[in-house]
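Down below is the structure, laid out as structure tokens.
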Amino acid sequence: MDNCIFCKIIKGEIPSAKVYEDDLCYAFKDINPQAPVHVLVVPKKHAANVLELSDEDKMLLGHIQLVIGRLAEELGVSKTGFRVMTNCGKDACQSVAHLHYHLLGGVQMTEKMV
Ligand code: AMP
């Protein structure tokens, strides 16, 4: 998508601190980290959020889950724990309209999620 910042990052038109890439997804450090480990995992295919997904994306989503698990191991948070979240829409404060999963870890989080 032409004016999507994450599409531009995936294409290399905007710099990013890449931590992983394959045919289907791209992962990079969040520019404004909220935890010692804060990585964004995004599908290369543009979708604004989970509401724009369909049955044909099942394989892609499963793949992303597996990548997140592997990245958690590589980034050293698989044993201590980590949180995976995706914001969708206004009440969740989604600020970038390209589906992305936050991988957060390296700190003791609270039980509260909102
Ligand atoms: P969300 O609020 O769930 O839409 O998350 C968007 C995330 O993208 C925020 O945590 C931002 O800090 C992050 N972000 C925005 N622009 C960039 C960028 N150019 N490089 C890395 N992360 C970014």
Side-chain angles (χ1 to χ4, degrees):
M1 205 179 221
D2 284 351
N3 60 350
C4 170
I5 185 171
F6 285 0
C7 284
K8 288 181 178 171
I9 285 175
I10 291 162
K11 285 189 266 180
E13 294 171 5
I14 292 177
S16 67
K18 180 170 93 173
V19 297
Y20 177 78
E21 178 176 18
D22 63 29
D23 289 349
L24 297 175
C25 67
Y26 189 92
F28 55 105
K29 291 184 182 175
D30 196 292
I31 204 167
N32 183 24
Q34 298 191 32
V37 171
H38 188 172
V39 165
L40 302 174
V41 184
V42 309
K44 287 189 169 176
K45 168 186 168 176
H46 182 88
N49 54 45
V50 294
L51 295 173
E52 289 193 357
L53 298 171
S54 64
D55 277 354
E56 71 182 27
D57 298 312
K58 283 178 180 172
M59 196 275 285
L60 169 64
L61 294 171
H63 176 73
I64 288 175
Q65 293 284 317
L66 293 172
V67 166
I68 288 171
R70 284 187 217 126
L71 286 176
E73 287 176 354
E74 284 174 23
L75 296 167
V77 295
S78 60
K79 290 194 170 59
T80 46
F82 58 96
R83 191 166 279 167
V84 180
M85 51 170 283
T86 185
N87 292 320
C88 185
K90 180 178 73 67
D91 281 2
C93 300
Q94 181 181 8
S95 62
V96 176
H98 182 126
L99 178 64
H100 52 282
Y101 294 88
H102 296 260
L103 165 55
L104 297 148
V107 66
Q108 176 62 60
M109 295 172 222
T110 66
E111 292 178 3
K112 222 166 147 47
M113 282 197 270
V114 291

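Worth knowing before you read on, the calculation uses all heavy atoms, side chains too, and leaves out hydrogens, waters and symmetry mates. Just so it is clear, the model here is predicted, and its values are computed rather than measured. Order of listing sets the numbers, starting from 1, for every ligand and every atom in it.
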If the threshold is 4.0 Å, N to carboxylate O, is there a salt bridge linking [X] and [Y]?
| X | Y | value |
| --- | --- | --- |
| K44 | E21 | yes |
| K45 | E56 | yes |
| K8 | D2 | no |

Does ligand 1 have any N/O atom under 3.5 Å from a protein N/O, and what are those pairs and their distances?
from	atom 1	to	atom 2	distance (Å)
ligand 1	2 (O)	C93	O	3.2
ligand 1	2 (O)	S95	N	3.3
ligand 1	2 (O)	S95	OG	2.9
ligand 1	3 (O)	N87	ND2	2.7
ligand 1	3 (O)	H100	NE2	3.0
ligand 1	3 (O)	H102	NE2	2.8
ligand 1	4 (O)	S95	N	2.7
ligand 1	4 (O)	S95	OG	3.2
ligand 1	4 (O)	V96	N	3.0
ligand 1	4 (O)	H100	NE2	3.0
ligand 1	5 (O)	H100	NE2	3.0
ligand 1	5 (O)	H102	NE2	3.3
ligand 1	10 (O)	D30	OD1	3.3
ligand 1	10 (O)	D30	OD2	2.5
ligand 1	12 (O)	D30	OD1	2.6
ligand 1	22 (N)	I31	N	3.1

Exercise for review: Could you tell me whether the side chains of H100 and N49 share a donor-acceptor contact shorter than 3.5 Å?
Suggested key: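 The criterion, which ignores hydrogens and geometry beyond distance, is not satisfied for N49 and H100.
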Check your understanding: Is I10 close to V42 at the side-chain level, that is, under 4.5 Å between some pair of heavy atoms?
Key ->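 V42 vs I10: side chains touch.
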Check your understanding: Can you tell me if CE on M85 sees more than 12 non-hydrogen neighbours from other groups inside 6.0 Å?
Key ->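 Above 12, so yes.
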